[in-house]
Structures are given as structure tokens and as C-alpha cells.
Amino acid sequence: MAPAKDDKKGSKGKESTKGGAGKASKEGGGGKAKKKKWSKGKQKEKVNAAVFFDKNLYEKLKKEVPSYKLITPSIISERMRCNVSMARRAIRDLEGKGIIRPIAKHASQCIYTRALAAKE
């Protein structure tokens, strides 16, 4: 008798999966559905950033940075291919020499511009 009851339950289950619930089981966490493979996502290309200023890099920095309208450590780091800590030191140096002037100073991000705009 027990097998007869199981057959009825099994047939009920088959009937119910023919409806809209069947689609959900195939798409979702159904037993036979393929597991979703997680993508690694977009990975940023690793940059070979300079760790020390050599003479060529420092001259390039002194020549190009004062011509930028917007100067931040991240912009200098990206364009000069150097560390952000080096860019912050360079900004302090250029500000001390009066080549650039601060617009906004904050602990996390400092924004500067060329000093020529202030004289005009």
C-alpha cells in the first residue's frame, strides 16, 4: 500500500511542475539546472608606478603640472606614472615655490590649480 501512496504524491508533484513553477525551478536553484559561473569582473591593469623621483621625472613634473587646470594627487599619479604619496610630496613642493595654488584642502583630497590664473 505504501508504494501506491508514493505514486500518487509523485504524480501530483509532476502535475504541479508543468505550470509556472516549472519555469522558476529551471531558472533558479533547480536540481538539474547548470550552476551560474561567477565572472572575475573587470580587473584594472597594473601600473608600474615610480617609487622615487629621478631627475627626468622631476623635470617633467615641474614642466607639465603647472599647465594643468585641475591638479590633484591622483591626476599627477596617473599622468606621471608615480605613487600618490610621491604626487602629494610634489604638490607640497610646487605649492611652496608658488607654482600652484590651493583651491580646497581636505584630509582625503586636496585640489589645486595653476598659480598663473590667480595673477590674471
Side-chain angles (χ1 to χ4, degrees):
M1 264 194 140
K5 287 182 181 178
D6 288 336
D7 289 340
K8 288 180 185 176
K9 285 182 182 176
S11 65
K12 284 182 185 177
K14 288 179 185 175
E15 289 173 7
S16 64
T17 56
K18 287 181 183 177
K23 291 179 183 176
S25 65
K26 287 180 183 177
E27 292 172 6
K32 292 183 181 179
K34 286 188 176 181
K35 281 191 174 181
K36 183 184 176 197
K37 292 184 179 177
W38 289 93
S39 64
K40 292 182 180 178
K42 292 183 180 178
Q43 292 185 350
K44 193 174 180 183
E45 191 175 310
K46 192 129 187 171
V47 179
N48 274 343
V51 183
F52 297 109
F53 277 116
D54 58 347
K55 195 169 188 176
N56 295 337
L57 184 61
Y58 191 69
E59 291 301 320
K60 182 181 175 186
L61 178 110
K62 282 176 29 179
K63 183 181 175 186
E64 290 182 19
V65 171
S67 65
Y68 299 162
K69 276 190 175 179
L70 178 69
I71 303 167
T72 63
S74 53
I75 288 173
I76 292 176
S77 171
E78 193 175 303
R79 293 185 187 171
M80 298 289 162
R81 301 278 184 224
C82 65
N83 284 349
V84 179
S85 58
M86 284 175 55
R88 284 193 295 262
R89 292 292 292 260
I91 284 175
R92 269 188 255 139
D93 183 48
L94 294 174
E95 185 187 5
K97 292 178 180 178
I99 299 172
I100 60 174
R101 68 181 178 91
I103 295 173
K105 281 194 173 184
H106 189 268
S108 59
Q109 186 75 22
C110 299
I111 303 170
Y112 296 83
T113 190
R114 50 189 172 200
L116 300 173
K119 292 178 183 178
E120 291 176 358

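Counting begins at 1 with the first residue of the sequence. Predicted, not measured: the structure shown is a model, and the values here were computed from it.
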Do V65 and V84 belong to the same hydrophobic cluster, where Ile, Leu, Val, Met, Phe, Trp and Tyr are linked whenever their side-chain heavy atoms lie under 4.5 Å apart, directly or via other members?
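No; V84 is not reachable from V65 via cluster members.
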Could you pull out the closest heavy-atom pair between [X] and [Y], with the gap in Å?
{"X": "C110", "Y": "P73", "value": "O-CD, 3.6 Å"}
{"X": "P102", "Y": "Y112", "value": "CA-CD2, 3.4 Å"}
{"X": "A115", "Y": "G98", "value": "CB-O, 3.4 Å"}
{"X": "L94", "Y": "K62", "value": "CD2-CG, 4.2 Å"}

Task: Heavy-atom neighbours of E64 CD exceed 12 at 6.0 Å - done: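 Yes - once you tally the heavy atoms of other residues, nucleotides and ligands closer than 6.0 Å, there are more than 12.
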Atom CZ of residue position R79 - does it have more than 12 heavy atoms of other residues, nucleotides or ligands inside 6.0 Å?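 More than 12 heavy atoms, drawn from other residues, nucleotides or ligands, come within 6.0 Å of this atom.
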Please answer whether the main-chain N or O of [Y] pairs with a side-chain N or O of [X] as donor and acceptor at a distance below 3.5 Å.
{"X": "S77", "Y": "C82", "value": "yes"}
{"X": "T72", "Y": "I111", "value": "no"}
{"X": "N83", "Y": "M86", "value": "no"}

Candidates R101, R114, K105 - the one meeting salt bridge (charged side-chain N to carboxylate O under 4.0 Å, His left out) with E95: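 Of all the options given, the one that passes is K105.
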[atom1]-[atom2] distance between [X] and [Y], expressed to the nearest 0.5 angstrom:
{"X": "Y68", "Y": "I75", "atom1": "OH", "atom2": "CD1", "value": "8.5 Å"}
{"X": "L57", "Y": "K60", "atom1": "CG", "atom2": "NZ", "value": "7.0 Å"}
{"X": "I100", "Y": "I76", "atom1": "CD1", "atom2": "CD1", "value": "6.0 Å"}

Quiz item: Given Q109 and S74, is the side chain to side chain contact (heavy atoms under 4.5 Å, CB included) satisfied, shown in steps?
Solution: CA-CA 9 Å; Q109 186 75 22; S74 53; 3.9 Å; yes
| query | Salt bridge check: are R89 and D93 linked by an N-O gap of less than 4.0 Å? | reply |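 Not counted as a salt bridge, because no side-chain N and carboxylate O are separated by less than 4.0 Å.
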